[in-house]
Amino acid sequence: MIRTIFSLLLVFYTMAGFGQDKDIPYSIQVPEGSELILHTYARGVQIYMCTQDPRDTSRVVWTFNEPRANLYADSSYKHLIGKHYFDAGKNPTWEDTDGSKVTGTKIQQANAPGGLAIPWLLLKATTTSGAGTLAHARFIQRIYTRGGKAPAIAGNLHKGQIAEVPYTAEYLFYSEKQ
């Protein structure tokens with residue numbers, strides 16, 4: 001009986017993606033042995049610049065420049081706990097109000113459901129600093145994105161212009177399970 005219960009729990013745990021939300025595509029799930037340490041709600045902009053297409057100099061395209069977002073502890077965006085931006089080296093960075101910081105690099109991405117928002121991402125921490133929560137982060141997920149995609153039309157009249165496209169997302173930070 002105990003063996004049967006244990007087997008059923010093991011099957012359920014495996015099917016649930018080792019604790020990952022069933023909505024999260026397998027390709028961006030964190031490795032087994034990861035533990036959620038912080039769940040934030042981001043609201044900000046994805047910043048694009050209209051530049052000459054390097055593959056076709058007769059065209060211009062919107063090129064991603066950087067993100068700029070505030071991080072909140074709640075989905076109503078009332079309790080500010082940090083910010084998200086690119087550091088001087090153009091690396092995605094998240095900074096908590098407790099003084100900790102994590103910089104990451106993209107490992108994998110998955111299209112947002114419906115394709116109307118920026119992709120969902122899995123990132124690996126490359127550097128951390130401070131003594132707070134984010135100093136322990138090893139992986140970052142960006143999920144449940146809304147908006148943020150580059151403008152659909154780019155013409156010569158737009159060349160050199162900046163577009164700040166509003167977006168929201170959830171960022172989940174994971175450490176190695178202790």
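Sequential numbering from 1 along the given sequence is applied to the chain's residues.
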Next item on the list: Provide the closest heavy-atom pair for L123 versus G104 in the form atom of the first, atom of the second, distance.
Entry: CD2-C, 4.4 Å
Item checked: Minimal non-hydrogen separation, I162 against I47, with atom names -> CG2-CG2, 3.6 Å
Next item on the list: Count the heavy atoms belonging to other residues, nucleotides or ligands that lie under 6.0 Å from CD of E35, then report whether that count exceeds 12.
Entry: yes
Next item on the list: Applying side chain to side chain contact (heavy atoms under 4.5 Å, CB included), run through Q141 and I24 and close with a yes or a no.
Entry: CA-CA 10 Å; Q141 283 177 324; I24 298 174; 3.8 Å; yes
Note to self: Do S27 and Q109 make a side-chain contact, defined as non-hydrogen atoms from C-beta onward lying under 4.5 Å apart?
What the structure shows: no
Next item on the list: With sequence neighbours left out, write down each residue that passes ring-ring contact (aromatic ring centres under 6.0 Å, His included) with Y144, or none if nothing qualifies.
Entry: W120
Next item on the list: Kindly determine whether I143 and L172 satisfy side chain to side chain contact (heavy atoms under 4.5 Å, CB included), including the steps that lead there.
Entry: CA-CA 8 Å; I143 58 174; L172 283 66; 3.6 Å; yes
Item checked: Note, E164 side chain near R68 side chain (heavy atom, < 4.5 Å) -> yes
Note to self: Donor-acceptor check, side chain of K149 to backbone of G115, threshold 3.5 angstrom: yes or no?
What the structure shows: yes
Margin query: Check this for me: D98, atom CG, are more than 12 non-hydrogen atoms of other residues, nucleotides or ligands nearer than 6.0 Å?
Written below: yes
Checklist line | Closest approach of T145 to A169 (non-hydrogen atoms, all atoms of both residues) | finding: CG2-CB, 3.8 Å
Next item on the list: Please list, chain by chain and in numerical order, all residues satisfying side chain to side chain contact (heavy atoms under 4.5 Å, CB included) with S75, sequence neighbours excluded.
Entry: Y41
Notebook entry, point to check: Closest heavy-atom contact between H79 and D74?
Noted result: N-OD1, 2.9 Å
Checklist line | Minimal non-hydrogen separation, P151 against V165, with atom names | finding: CD-CG2, 4.2 Å
Check: Centres of the F86 and F64 rings: under 6.0 Å?
Finding: yes
Check: Around atom NZ of K90, are there more than 12 heavy atoms of other residues, nucleotides or ligands at under 6.0 Å?
Finding: yes
Item checked: Side chain to side chain, T51 and V61, heavy atoms closer than 4.5 Å -> yes
Next item on the list: Could you check if a side-chain atom of T168 sits within less than 4.5 angstrom of a side-chain atom of Y77, using non-hydrogen atoms only?
Entry: yes
Note to self: To the nearest 0.5 Å, what is the distance between OG1 on T40 and NZ on K83?
What the structure shows: 14.5 Å
Margin query: Just verifying a value: how many Å separate F139 CZ and S34 OG, rounded to the nearest 0.5 Å?
Written below: 5.5 Å
Checklist line | side-chain hydrogen bond (donor to acceptor under 3.5 Å, both in side chains) between S100 and T133, worked out | finding: CA-CA 6 Å; S100 63; T133 304; 5.4 Å; no
Checklist line | Min side-chain heavy-atom separation H136-Y174 under 4.5 Å | finding: no
Next item on the list: Would you name the heavy atoms of G148 and Y48 that are closest together and state the gap between them?
Entry: O-OH, 2.5 Å
Notebook entry, point to check: Considering only heavy atoms from C-beta outward, does the side chain of F173 approach that of L36 to under 4.5 Å?
Noted result: no
Next item on the list: Kindly write out the residues that satisfy ring-ring contact (aromatic ring centres under 6.0 Å, His included) with Y85, not counting sequence neighbours, or none if the list is empty.
Entry: none
Check: Just wondering, do W94 and I140 contact through their side chains at under 4.5 Å, heavy atoms?
Finding: yes
Item checked: Value rounded to 0.5 Å, distance of CG in L38 from CG in D96 -> 6.0 Å
Check: Are the side chains of H84 and N70 in touch, meaning some heavy atoms are under 4.5 Å apart?
Finding: no
Next item on the list: Go through the side-chain N and O atoms of T105 and T126 and say whether any donor and acceptor fall under 3.5 Å apart.
Entry: no
